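First comes the structure, then the notes that go with it.
Everything quoted here is computed from the prediction, not taken from an experiment. As a basis for the values below, the full set of heavy atoms in this structure was taken, side chains included, without hydrogen atoms, waters or symmetry mates. Remember, it's 1-based here, ligands and their atoms both numbered in the order they're listed.
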Amino acid sequence: MKMKIANEYLNGLMERVIARDPGEPEFHQAVHEVLTSLVPVVNERPELIKKGVMDSLVEPERFVSFRVPWEDDQGVVHVNRGYRVQFNSAIGPYKGGLRFHPSVNESIVKFLGFEQTFKNCLTGLPIGGGKGGSDFNPRNKSDSEVMRFCQSFMNEMYKYIGPDMDVPAGDIGVGGREIGYLFGQYKRITTQFQGALTGKGLSFGGSLVRKEATGYGLCYFADNMVKDAGRSFEGTTVLVSGSGNVAIYACEKATQLGGKVVAMSDSDGFVYDADGIDLDLIKQIKEVERKRISEYAQRKPSAQYTEGCAKIWNIPCGIALPCATQNELDEQAAKALIANGCFAVAEGANMPCTPEAVEALQAAGILFAPAKASNCGGVGVSALEMTQNSIRLSWSFEEVDNRLRDIMSNAYHSAAEAAARYGMAGNLAAGANIASFLKISDAMLAQGLV
Ligand code: NDP
Ligand code: 2IT
C-alpha cells in the first residue's frame, strides 16, 4: 500500500493511475514519488489541477507496441515485442533511450518515459520525454543475430521517429553496436542521413563524450553536491554497482577525482578489489569480450567474487553510486551503507533506490542525488549530439566535456534552489521534480495542450 499523498486531488489522481493500469508497479512508484513532491506547488497553484495539467502529466501522449520477428543463426524464428512511449513533448521532441532486456514491459517503459520527461528538462536543453525498448535479451547473441533483431525493430519504429519528432538512444542492452545497426536500417528505409538516433559512432555523426557522458556527469553532479557539504571524492572509498556503460565511466571519473573504487557488479554477482578496481581489465572483460564480472576475480589475484549482487552495499564506503538498474538498493542496503559511514549516494541508474531506501538515507542525513538530476548527463550530451548534427559540425572532446560540466552544475543548482524555495532545503529529489515541473507545466499551459 502506497503512502497517502497529502493533497486530496493528487491522491485521487494516484488512485486513478493505479486503477487504470493495475499491473504497472514501477510506473506507479515513479508517479507516486513525483506527485508527493509536487504537493506544495499544486497547493500554491491550484489552476494546474483545473486546467488538467496534472492529469495530462501522468498519461503518455502516445504509446506504441509492435511485433519484432527475427531469425537466429540456426534459422529459428523468434517473436519479441517492441515499444516506444512518447510521453511528453511540451518543451521539445521526444528524447530517450531504448532498453533491450527480458524484463522490459509496459510498466518499465512508462516509468522510464515519465522520469525522462523531468530529467530532460533539467538538462536545460529543448528535449521532451520518450523511451522504448524490447523484451529481447542480447546476452549470448551473435553480432549477426543482434543486427537482424535491430533491423526488424527499426522496420516498425522508423514510422515514429525523426530528428524533430523523436530521437532514441541507448539504455540497458543498447550501446554503440546496436545504435549502429539501428541507424543503418533507418537510413536504408528512409534514404535520409539524419540525426534520428544519438550515441552514433564517431565516424557517422556521433558526439565525443557521449559514451562517457552519463558516468562522468554523475560524478560531476556528485562532486558539486559533496563539495557544498564540505566533502570530496579525494581519498574516498567508492562503490559502483553495474559494469555497463554508466558504471564504467562513473568508475573512471570517480577515480580521476581522487576516489578509490573498490567494487563493481553485474546481474550475477560483484567483485571486491581492495587495491582499487583495475578499469582497463573491466573494460577488456565487459566492452571487448562481453563476459561476466566473475572473470575479473579470476584474472586479478587481489579481487574476490561474490555470487548475487545485493550484498555489494555491505562493503564500507564513503560514496555509493548505484549504476545498474531500478530498485537495486533497498532499505536493508541503505541501512548497511549508513551503518558503515557512507556520506553520499548518487543515482547513476534510473530509480535504483527503493522509496524506503531513499527515506532511510534522507532521514540519516546522507547526501542523496536523485537519478533524474544526477544521470541527466547522458541525455544532455545526446542533445548536444543533435545540435552538432543540425549544424553539421563536430565539437572537440574538451568543448563537449565543458558543456557537460555546465549542464550538471546547472542541474544541481536548479534542484537545490527549488528545494530551498519550497521549504525543503537539501532535498534534491523534491527539488529536481519541482524545478522541471514548473517549466514543463508552464509550457503545457501556454500551448493549450491541456
Ligand atoms: P548497460 O547495459 O551498459 O549495463 C547495465 C549493467 O547493469 C550491467 O552490468 C548489467 O549486468 C547490470 N544489470 C542490468 N539489469 C540488471 C538487473 N536486473 N539486476 C542487476 N544488474 C543488472 O546499461 P547502462 O549502463 O547504459 O544502464 C545502466 C542504468 O543506467 C540503467 O538504469 C539505465 O536506465 C541508466 N541510464 C543509462 C544511460 C545511458 O546513457 N546509457 C543514461 C541515464 C541512465 P548484466 O550484464 O549481468 O545484465
Ligand atoms: O535514461 C537515459 O537518460 C538514457 N538512457 C539516455 C537517453 C538519451 O536519449 O541519451
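Proximity annotation for atom 28 (C) of ligand 1: of Ala324, Gly244, Gly175, Gly242, Ala324 comes nearest, heavy atoms only. Which of Glu328, Arg292, Glu115, Arg139 comes nearest to atom 46 (O) of ligand 1 through a heavy atom is settled by distance: it is Arg292. One option in Gly217, Gly215, Ser267 has a heavy atom closer to atom 10 (C) of ligand 1 than any other, and that option is Ser267. In this comparison of Lys95, Glu115, Lys131, the heavy atom closest to atom 4 (C) of ligand 2 sits on Lys131.
The nearest protein atom to atom 17 (C) of ligand 1, hydrogens excluded, is given as Thr325 CG2, 3.4 Å; this is a heavy-atom distance. The nearest heavy-atom contact from the protein to atom 27 (O) of ligand 1 is Ile172 CG1, 3.6 Å. Nearest to atom 37 (C) of ligand 1 among the protein's heavy atoms is Val246 CG2, 3.4 Å. At the shortest separation from atom 7 (C) of ligand 2 among protein heavy atoms lies Gly97 N, 3.5 Å. For atom 10 (O) of ligand 2, the nearest non-hydrogen atom of the protein is Ser382 OG, 2.6 Å.
Here's the thing with Asn245: one of its N/O atoms is less than 3.5 angstrom from an N/O atom of ligand 1. The shortest N or O to N or O distance between Asp171 and ligand 2 is under 3.5 Å. At least one N/O-N/O distance between Gly170 and ligand 2 falls below 3.5 Å.
Taking the ring axis of Phe66 as reference, the NZ or CZ atom of Lys159 does not stay both within 45° of it and closer than 6.0 Å to the ring centre. Remark: Arg84 is not positioned above the aromatic ring of Tyr160, lacking an NZ or CZ atom under 6.0 angstrom from the ring centre and at most 45 degrees off the axis.
Ligand-side atoms of ligand 1 in range of Arg99: 31 (C), 32 (O), 33 (C), 34 (O), range being under 4.0 angstrom from any heavy atom. Residue-ligand proximity, Cys323 to ligand 1, at heavy-atom distances under 4.0 Å covers atoms 28 (C), 29 (C). Each of the atoms 26 (O), 33 (C), 34 (O), 36 (N), 37 (C) of ligand 1 lies under 4.0 Å from some heavy atom of Asp171. Listed by atom number, the atoms of ligand 1 under 4.0 Å from Ser243 heavy atoms are 9 (O). Those atoms of ligand 1 with a heavy atom of Gly173 less than 4.0 angstrom away are 2 (O). The ligand atoms of ligand 1 that sit less than 4.0 angstrom from a heavy atom of Asn350 are 32 (O), 33 (C), 34 (O), 35 (C), 36 (N), 44 (C). Residue Asn375 approaches ligand 1 through these ligand atoms, each under 4.0 Å from one of its heavy atoms: 43 (C), 44 (C). Close approach to Arg210 involves these atoms of ligand 2, each under 4.0 Å from a residue heavy atom: 6 (C), 8 (C), 10 (O). Below 4.0 Å from some heavy atom of Ala169 lie the following atoms of ligand 2, by number and element: 8 (C), 9 (O), 10 (O). Near Gly96, meaning under 4.0 Å from any of its heavy atoms, are these atoms of ligand 2: 7 (C), 9 (O).
At a heavy-atom cutoff of 4.0 Å, ligand 2 is contacted by the side chain of Lys119 but not by its backbone. With a 4.0 Å heavy-atom cut-off, ligand 1 is reached by the side chain of His101 but not by its N, CA, C or O. Residue Arg99 does not touch ligand 2, judged by heavy-atom distances below 4.0 Å. Using a 4.0 Å cut-off between heavy atoms, Leu112 makes no contact with ligand 2 at all. Contacts with ligand 1 closer than 4.0 Å are made by side-chain heavy atoms of Arg210 only, the backbone lying farther away. With a 4.0 Å heavy-atom cut-off, ligand 1 is reached by the side chain of Thr214 but not by its N, CA, C or O.
In this structure, the side chains of Pro322 and Trp313 come closer than 4.5 Å at one or more pairs of heavy atoms. The shortest distance between side-chain heavy atoms of Lys110 and Phe63 falls below 4.5 Å. Considering only heavy atoms from C-beta on, Leu329 comes within 4.5 Å of Leu337 through its side chain.
Residues Arg299 and Glu289 are paired through a salt bridge, judged by an N-O separation under 4.0 Å between the basic side chain and the carboxylate. Between Lys300 and Asp278, none of the side-chain N atoms (NZ, or NE/NH1/NH2) sits under 4.0 Å from a carboxylate O, so this pair counts as no salt bridge. Between Arg148 and Glu71 there is no salt bridge, since none of the side-chain N atoms of the basic residue sits less than 4.0 Å from a carboxylate O of the acidic one.
For the pair Asn340 and Pro316, the tightest heavy-atom approach, listed with the atom from each and the gap, is CB-CA, 3.8 Å.
Taking the ring centroids of Phe136 and Phe153, they lie at or beyond the 6.0 Å cut-off.
Each of Glu252, Arg405, Lys253, Lys211 was scored for a side chain to side chain donor-acceptor pair (under 3.5 Å) with Tyr216, with one residue passing: Glu252.
Distance CG/Asn155 to CD1/Ile189: 4.5 Å, rounded to 0.5 Å. With values rounded to the nearest 0.5 angstrom, Asn433 atom CG is found 4.5 Å from Glu33 atom CD.
Atom CD of Gln29 is surrounded by more than 12 heavy atoms from other residues, nucleotides or ligands within 6.0 Å.
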